Amino acid sequence: MLVLILSLFVLLAMGIPIAYALGLSSLAYFVVEQPDLMQILPQRLFSGMNNYALISLPLFILMGLVMNESGITGRLIRFSSLFVGKLRGGTGLVNVFASMIFGGISGSAASDTASIGSVLIPEMKSKGYPGRFAAGITVASSTMGMIIPPSVPIVLYAIVAQESVGRLFLGGVIPGLLIGFLQLFICLRISVRNNYPKEDIDTGLSSVIREIRGSILVVLMPVLVVGAVVFGIATATESAGLGVLYAVLIGFLVIRALTFKGLLNCFRSAIITSAKIMMIIAMSTMYIWILALERVPQAIAAWVTSMNLGPVSVMLLVNVIILAIGTFIDVSPAILLMTPVLLPAAVEAGVSPVTFGVILISALAVGACTPPVGNCLNVCASVSGLRIGTIFRGALPFLLANFVVLLLITLFPQLVLWIPSVLMP
Amino acid sequence: MADLIAKLDRAIINTAEVAIVAALIVLFALVNLLVVLRYVFGSTIVGGNEFIVVLFIYTTAIGAAVAVSRKEHIAINFLVDGLPVGPRKILEIIGFALIALINAVMVWYSLTIWIPLTGRFILPALQLPQGYAQAAVPIGCGLVALSSLLHIALLLTGKEGAGSLGTVEE
């Protein structure tokens with residue numbers, strides 16, 4: 001057992017890709033502890049990939065990429081300006097508001113950072129906002145992309161935990177929106193204190209109608225995709241497929257900015273991104289199989305039960321573990337490794353798998369904004385030209401919103417469970 | 001010689017990439033077609049979903065090889081990135097060797113035990129031997145092992161500079 005855990009740490013520290021580090025440490029375990037079982041390696045790898053539900057993964061990734069390639073960012077920014085642009089610090093507020101919508105469409109925090117950041121960070125700087133503030137708000141607000149549905153990490157968790165994608169999508173709605181509104185409030189406070197500029201927006205009826213008409217089909221997309229799953233019209237895979245079709249049609253016929261070359265690039269990026277995550281899933285199937293063989297999840301569950309902690313105390317403990325691990329490991333591998341190990345203990349303590357999933361992803365979203373392994377920070381550094389430490393310091397006030405919401409959903413799980421209980425009883 | 005190795009790796013990986021992009025296009029079209037057939041025509045394609053899964057397994061197995069060659073797999077690099085060029089290059093060669101090893105083990109057990117034992121079972125809807133789907137594992141892992149060995153050769157000949165085996169998640 002020791003060889004399984006130690007070898008994984010050494011291999012990860014050596015910079016071996018996570019998927020192969022998992023496979024190699026499983027191999028090391030079999031060589032040392034169970035040489036007779038080595039022959040099951042390819043069978044476990046295959047079973048990790050042989051799952052219809054997993055097909056939603058490349059399709060959800062593709063949907064976000066196609067929407068991004070279609071040039072929706074400008075439309076979403078103009079749409080967001082209608083609501084918050086005229087307030088003090090308008091461009092900062094637009095950054096958060098657009099992320100709330102964009103997060104739902106792209107399902108990815110990193111693409112949110114890249115798309116919105118590349119437009120708004122230079123614009124905010126040119127209007128006199130400090131670069132640190134502009135980059136920080138971009139990174140922190142992009143975390144909503146993982147929580148507001150549809151979200152790729154939520155799909156991944158649903159597959160690993162064998163939970164309903166629809167219930168998890170709905171579970172992310174209130175926490176995601178709460179983060180957004182709290183970040184808007186924090187941005188407004190900072191802007192008033194520093195006298196940041198207001199936007200000069202034309203809010204005449206005709207221009208409002210023009211902007212809404214130009215954006216409504218884009219804004220409606222997450223509602224349609226999530227609605228198809230929630231109301232049983234389509235499976236998660238089918239709704240992702242329909243979402244891609246919708247995005248392609250919007251890109252070609254409505255926005256008219258999508259090209260065949262761009263679309264092919266989206267297919268290319270989607271399948272490589274999916275293969276990278278899928279290989280971690282497939283290799284972690286072996287690793288987790290060994291953990292189950294060694295009864296590790298049961299041991300952790302028994303240990304937690306022996307402490308006689310209530311669900312809130314267990315989840316506070318789990319939050320600390322996730323936040324610590326999320327600082328060093330990317331979101332997808334963290335979901336794949338922590339869910340099978342921690343979920344049984346949480347369920348044993350009376351926590352719903354839906355609540356656990358939303359808490360897990362909300363905590364990991366913070367990890368995406370913290371050094372040394374924060375993918376959103378890396379993306380923002382390349383978009384803004386600022387140092388990672390500077391961006392992180394700029395993001396800290398806004399990440400306070402994430403921490404507050406994390407605490408709230410831990411203390412009051414109904415914030416997660418209420419919408420699923422109403423729409424998917 | 002190094003140029004030839006680099007060309008060979010590029011040719012293999014570019015071909016693999018075209019194949020998996022084409023597979024994803026087919027997969028996307030089939031998923032939508034099955035929904036349209038179900039809702040509009042009350043019909044389906046027998047074995048359609050099973051074919052989609054098989055296609056997906058191939059795209060994953062072969063896509064992993066493309067990601068290895070392009071060094072795009074998700075990895076934790078911050079410790080390695082702090083090292084000087086020499087040790088980093090040694091770690092990269094060891095890393096590629098280990099990746100080749102685990103994939104070679106997969107190919108070996110697939111071809112000698114797993115597929116010969118279970119490959120003749122029939123896929124329920126497609127009515128084809130399961131071995132056709134299982135073959136994705138030795139094909140994909142074989143490509144990963146081959147590409148890793150080619151990269152070791154490129155690193156040893158100095159054609160390729162020291163870098164990282166992977167990157168952070170996008």
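As a basis for the values below, the full set of heavy atoms in this structure was taken, side chains included, without hydrogen atoms, waters or symmetry mates. Small disclaimer: the values here were computed from a predicted structure and weren't measured. First the proteins, then the strands, lettered A, B, ... as listed; each starts at 1.
Looking at B:Ile25, both its backbone and its side chain come within 4.5 Å of chain A, counting heavy atoms on both sides. Looking at A:Asn378, only its side chain comes within 4.5 Å of chain B, counting heavy atoms on both sides. For a residue to count as touching a neighbouring chain, one of its non-hydrogen atoms must lie under 4.5 Å from one of that chain's; by this rule A:Leu45 touches chain B with the side chain only. Neither the backbone nor the side chain of B:Val36 has a heavy atom closer than 4.5 Å to any heavy atom of chain A. Of the two parts of B:Phe96, neither the backbone nor the side chain holds a non-hydrogen atom closer than 4.5 Å to a non-hydrogen atom of chain A. Heavy-atom distances place the side chain of B:Asn103, and not its backbone, under 4.5 Å from chain A. Contacts between A:Ile40 and chain B at a heavy-atom distance below 4.5 Å are absent for every atom of the residue. Of the atoms belonging to B:Asn77, it is side-chain heavy atoms, and not backbone ones, that fall under 4.5 Å from chain A. Proximity to chain A (any heavy atom under 4.5 Å) is shown, for B:Phe28, by both the backbone and the side chain. With a 4.5 angstrom heavy-atom cutoff, A:Ser274 touches chain B only via side-chain atoms. Looking at B:Val35, only its side chain comes within 4.5 Å of chain A, counting heavy atoms on both sides. For a residue to count as touching a neighbouring chain, one of its non-hydrogen atoms must lie under 4.5 Å from one of that chain's; by this rule A:Leu59 touches chain B with the side chain only. Only the side chain of A:Met286 has a heavy atom closer than 4.5 Å to any heavy atom of chain B. Proximity to chain A involves both the backbone and the side chain of B:Ala133, based on heavy atoms less than 4.5 angstrom apart. If you measure heavy-atom distances from B:Leu27 to chain A, the contacts under 4.5 Å come from the side chain alone. Proximity to chain A (any heavy atom under 4.5 Å) is restricted, for B:Ile113, to the side chain, taken from C-beta onward. Heavy atoms closer than 4.5 Å to chain A are found in the side chain of B:Val144, but not in its backbone.
Each of B:Ile57, B:Val54, B:Ile115 was checked for a side-chain contact (heavy atoms from CB on, under 4.5 Å) with B:Gln134, and the lone residue meeting it is B:Ile115. With A:Met63 as reference, A:Val244 is the one residue of A:Val152, A:Val244, A:Asn68 to meet the side-chain contact (heavy atoms from CB on, under 4.5 Å) rule.
Ranked by heavy-atom pairs under 4.5 Å with chain A, the first of B:Ala65, B:Gly166, B:Ala64, B:Ala136 is B:Ala64. For the options A:Leu12, A:Ile233, A:Ile281, heavy-atom pairs under 4.5 Å to chain B are most numerous at A:Ile233. For the set A:Ile272, A:Leu41, A:Ile55, the count of heavy-atom pairs under 4.5 angstrom toward chain B peaks at A:Ile55. In terms of heavy-atom pairs under 4.5 angstrom with chain B, the leader among A:Ile16, A:Leu62, A:Ile329 is A:Ile16. The residue among B:Thr118, B:Leu79, B:Val53, B:Val21 with the most heavy atom pairs within less than 4.5 Å of chain A is B:Val53. Put simply, of B:Val31, B:Ile20, B:Thr60, B:Val80, the one with the most heavy-atom pairs under 4.5 Å next to chain A is B:Thr60. Annotation: maximal heavy-atom pairing with chain A below 4.5 Å, among B:Ser164, B:Ala75, B:Gly140, B:Gly95, occurs at B:Ala75. For chain B, the option among A:Tyr52, A:Tyr20, A:Phe328 with the highest count of heavy-atom pairs below 4.5 Å is A:Tyr20. The greatest number of non-hydrogen atom pairs below 4.5 Å with chain B, out of A:Glu238, A:Met279, A:Met14, is found for A:Glu238. Note: A:Leu27 leads A:Leu11, A:Leu27, A:Asn51, A:Thr235 in heavy-atom pairs under 4.5 Å with chain B.
The number of heavy atoms from other shown groups lying within 6.0 Å of OH (B:Tyr39) is above 12. Applying the 6.0 Å contact sphere to CZ of B:Phe121 captures no more than 12 heavy atoms from other residues, nucleotides or ligands.
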| message | Run the side-chain contact (heavy atoms from CB on, under 4.5 Å) test on B:Lys159 and B:Asp3 for me, step by step, so that the C-alpha distance in whole Å, both residues' side-chain angles and the decisive distance to 0.1 Å come before the verdict. | response | CA-CA 8 Å; B:Lys159 177 82 180 165; B:Asp3 285 336; 2.5 Å; yes
| Trace of the side-chain contact (heavy atoms from CB on, under 4.5 Å) decision for B:Thr44 with B:Arg38 | CA-CA 6 Å; B:Thr44 190; B:Arg38 188 171 78 231; over 6 Å; no
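Sorted by first then second residue, the side chain to side chain donor-acceptor pair (under 3.5 Å) pairs that include residues 6-16 of chain B, not counting sequence neighbours, are B:Asp9-B:Ser69, B:Asp9-B:Ser147, B:Asp9-B:His151, B:Asn14-B:Arg70. Counting only residues at least two apart or on different chains, no side chain to side chain donor-acceptor pair (under 3.5 Å) pair has a member in residues 56-67 of chain A.
Using a 4.5 Å heavy-atom threshold, the side chains of A:Ile18 and B:His73 count as separate. Side-chain contact between B:Ser110 and A:Phe46 is absent, with no heavy atoms from C-beta onward closer than 4.5 Å. Considering only heavy atoms from C-beta on, A:Phe102 comes within 4.5 Å of A:Ser111 through its side chain. Using a 4.5 Å cut-off on side-chain heavy atoms (C-beta onward), B:Leu34 and B:Ile52 make contact. Residues A:Thr143 and A:Cys369 are in side-chain contact: their nearest non-hydrogen atoms beyond the backbone lie under 4.5 Å apart. Using a 4.5 Å cut-off on side-chain heavy atoms (C-beta onward), A:Leu364 and A:Pro153 make no contact.
Checked against a 6.0 Å centroid threshold, the rings of B:Phe51 and B:Tyr132 do not count as neighbours.
The two residues B:Lys71 and B:Glu160 have their closest heavy-atom pair at NZ-OE2, 2.8 Å.
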